[in-house]
Amino acid sequence: MEVQTLKYPAIRNYVAGQAVESASASTMDVFSPLNGQLISTLPLSNAAALDAAVQAAKAAFPAWSATPIKERVQIFYRYKTLLERDMKALADLVREENGKTYDEARAEVEKAIELTEFACSMPQLIQGEFLEVSKGVEARAERKPLGVVASIAPFNFPNMVPHWTIPNAIVLGNTMILKPSEQVPLSAVRIAELLKEAGLPDGVLNVVNGDKEIVEAICDHPDIQAVSFVGSTKIAKVVYIRATSNLKRCVALGGAKNHLMVLPDAHPDMTASNVAASMSGCAGQRCMAGSTMVGVGAVDGIVAKIVEEAKKIVAGQNLGSVISKEAKARIEQHISEAEAAGAKVLLDGRNAVVPGHEDGYYVGATVIDYVTPDMRIAQEEVFGPVLAIMRTNTLDEALAIENANPYGNAAAVFTSSGSSARYVMDHANAGMIGVNIGVPVPREPFSFGGWNDSKFGACDITGKSSIEFWTQLKKTTTKWNPESRVNWMS
């Protein structure tokens, strides 16, 4: 029997600064969505493997949290230069395991660098507060780390999303367990190796691979103080409920159904390029994708331009693959169901084939017009390069559709009218709003996070808001004047 050679070494957990074998004998194959080829394997770790990582993190916490923050950030300054040094290799790794185009993969690493830069500004952001509250009596408030924390990352951004949590949480003095998606484990290993090269002490960051069992074990482990999660809404709810029932802090980001409202006075070319890019970027596998457009009034000319822009997006060239064979089948089923229900397919991406990568998981850019709010494609997150277009007569009708959906990640409006833009900003039921921008992702120091079924828990996962999530407030009151009793406070 022929033994297939793996392109990458078998993945192992990363604990206390070194790769270690998992306590579980069970493994899972890892395939590249670019061509369907087996590229590695990973351990499906059990609770014992997680506990070994938690104990390493727990042992590292006292010394790490006692290290002055000005010294902690020096490691991340060095780490930033390593990300820049290895930019191409890191982007190639993302492309291999996730299926992105190279430009998208590189942009993901560039965003990771920006997130690291923000973490390096933490000494200026958590200086604390001090006040003489009465004669001889001083009050002080300081941010302190929580202890061992965990980050559960999704498949769609193997490099960027771990950087939503790792730099901030660790710079603030915590030690961490990272659980990457079992579909994209390669980038997580390299992140840990580069941080060690930058000087991060052993045990401060540990990587544990696995599936549902490890997620449940993270939620249950008594020594983990906080959990962040990014994934589907269904699982985000489960993680949030389970983690908080074990008295942990939790912020769990779920899915989205983002609406792009296009008015007749929108700039045709800018709107078309933005809408097409929003629905197809990262093969539509991002929670900020503009998967639904709501045309308000006479927008046929803009729709025609969107179709022309979408035709320029070609699978295998400037459009990457989706994550799995199952995802491809699910996305194409959404298209077929919408067509059967009466929607009109203006551009059909079903059965896309890339020469030389016939076994890859590709769906072509797809535009579907005359979708109605009752159709499944208008209600569920498709997570593919598919734009569903609905039609309304008024902006209020468009906002009613947007506000009726259970999610609340993002909404955008395309218009030349400042008053229309302001109206959407005030009335859209979403945490991130775009005006003539199809992917309204805030950049640091502004935080990332939606509303409703797109996020469970307080605080956002990035930016200044993350400081409150990863720390707790210690208040100290001191008195040095025993001879003075001026008033009731002193």
Side-chain angles (χ1 to χ4, degrees), residues 33 98-100 152-157 161 181 183-184 229-240 252-261 275-294 319-339 341 343 349-350 361 363 365-368 371-390 401-412 428-434 438-441 448-456 461:
N98 174 268
K100 282 182 168 69
I152 304 169
F155 75 81
N156 56 335
F157 288 92
V161 170
S181 166
Q183 294 176 292
V184 291
F229 172 88
V230 181
S232 71
T233 287
K234 178 181 177 180
I235 306 303
K237 286 182 179 179
V238 172
V239 168
Y240 181 77
L253 304 191
K257 195 67 180 174
N258 305 317
H259 293 72
L260 310 179
M261 288 161 270
V275 171
S278 178
M279 70 90 167
S280 65
C282 301
Q285 298 177 126
R286 53 184 177 183
C287 62
M288 293 296 284
S291 60
T292 304
M293 172 186 150
V294 185
L319 177 64
S321 64
V322 297
I323 191 63
S324 67
K325 187 181 299 184
E326 293 76 15
K328 173 180 168 67
R330 177 183 52 76
I331 294 162
E332 292 182 344
Q333 180 63 26
H334 271 291
I335 300 168
S336 297
E337 284 186 12
E339 185 177 38
R350 288 171 290 186
Y361 315 136
V363 178
T366 300
V367 181
I368 309 173
V371 170
T372 56
D374 60 298
M375 293 181 185
R376 195 163 74 97
I377 199 169
Q379 299 173 359
E380 298 182 10
E381 186 174 34
V382 177
F383 230 54
V386 179
L387 179 68
I389 302 176
M390 291 184 278
I401 291 173
E402 192 282 327
N403 290 346
N405 96 92
Y407 303 102
N409 231 25
N429 189 17
M432 293 171 280
I433 307 297
V439 185
V441 176
F448 182 99
W451 291 359
N452 309 328
D453 280 0
S454 291
K455 189 186 81 169
F456 305 94
I461 202 168

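- For the residue pair Asp374/Thr372, the side-chain donor-acceptor check at 3.5 Å is satisfied.
- Across Ala428 and Ile433, no two heavy atoms sit closer than the pair CB-CD1, 3.8 Å.
- Proximity of a side-chain donor or acceptor of Ser278 to a complementary backbone N or O of Gly438 within less than 3.5 Å is detected.
- Judged by distance alone, with hydrogens and angles left aside, the side-chain atoms of Glu381 form a donor-acceptor pair with the main-chain N or O of Ala256 at under 3.5 Å.
- A heavy-atom distance below 4.5 Å is not found between the side chains of Met390 and Met293.
- Of all non-hydrogen atoms in Met279 and Ala365, the two that sit nearest each other are CE-CB, 4.0 Å.
- The heavy-atom pair separating Gln379 from Tyr407 by the smallest distance is O-CE1, 4.0 Å.
- Side-chain contact check for Val386 versus Ile335: some heavy-atom pair is nearer than 4.5 Å.
- A heavy-atom distance below 4.5 Å is not found between the side chains of Val294 and Glu402.
- A donor-acceptor contact shorter than 3.5 Å links the side chain of Ser454 to the backbone of Asn409.
- Checked by atom type and distance alone, the side chain of Asn258 pairs as donor or acceptor with a backbone atom of Ala410 at under 3.5 Å.
- With a 4.5 Å cut-off on side-chain heavy atoms, Asn403 and Asn405 do not count as touching.
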* **Working for side-chain contact (heavy atoms from CB on, under 4.5 Å), residues Val239 and Phe456** => CA-CA 9 Å; Val239 168; Phe456 305 94; over 6 Å; no

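- At least one cation-pi condition fails for Lys455 and Tyr240: the charged atom is not both under 6.0 angstrom from the six-membered ring centre and inside a 45 degree cone around its axis.
- Atom CD of Glu339 is separated from atom OG1 of Thr366 by 10.5 Å, given to the nearest 0.5 angstrom.
- A donor-acceptor pair under 3.5 Å links the side-chain atoms of Ser324 to the main chain of Ala327, judged by distance alone.
- In this structure, Thr233 contributes its side chain and Gly254 its backbone to no donor-acceptor pair below 3.5 Å.
- Distance alone, capped at 3.5 Å, places no donor-acceptor pair between the Lys100 side chain and the Gly281 backbone.
- In this structure, the side chains of Phe448 and Val441 come closer than 4.5 Å at one or more pairs of heavy atoms.
- In this structure the side chain of Val230 never reaches within 4.5 angstrom of the side chain of Ile152, judged on heavy atoms.
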* Please assess Leu253 against Ile461 for the test side-chain contact (heavy atoms from CB on, under 4.5 Å), listing each intermediate value before the final yes or no. => CA-CA 8 Å; Leu253 304 191; Ile461 202 168; 3.8 Å; yes

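- Partner of Glu337 under the salt bridge (Lys or Arg N to Asp or Glu O under 4.0 Å) criterion, chosen from Arg330, Arg350, Arg376: Arg376.
- Thr292 contributes no side-chain N or O that, together with a main-chain N or O of His259, makes up a donor-acceptor pair within less than 3.5 Å.
- Nearest heavy-atom pair across Ile377 and Ala338 is CG2-CB, 3.9 Å.
- Between Pro440 and Met432 the shortest heavy-atom distance is O-CB, 3.7 Å.
- With a 4.5 Å cut-off on side-chain heavy atoms, Phe157 and Cys287 do not count as touching.
- At least one side-chain heavy atom of Ile323 sits less than 4.5 Å from a side-chain heavy atom of Asn98.
- Ala430 and Ala411 get closest at one heavy-atom pair: CB-N, 4.0 Å.
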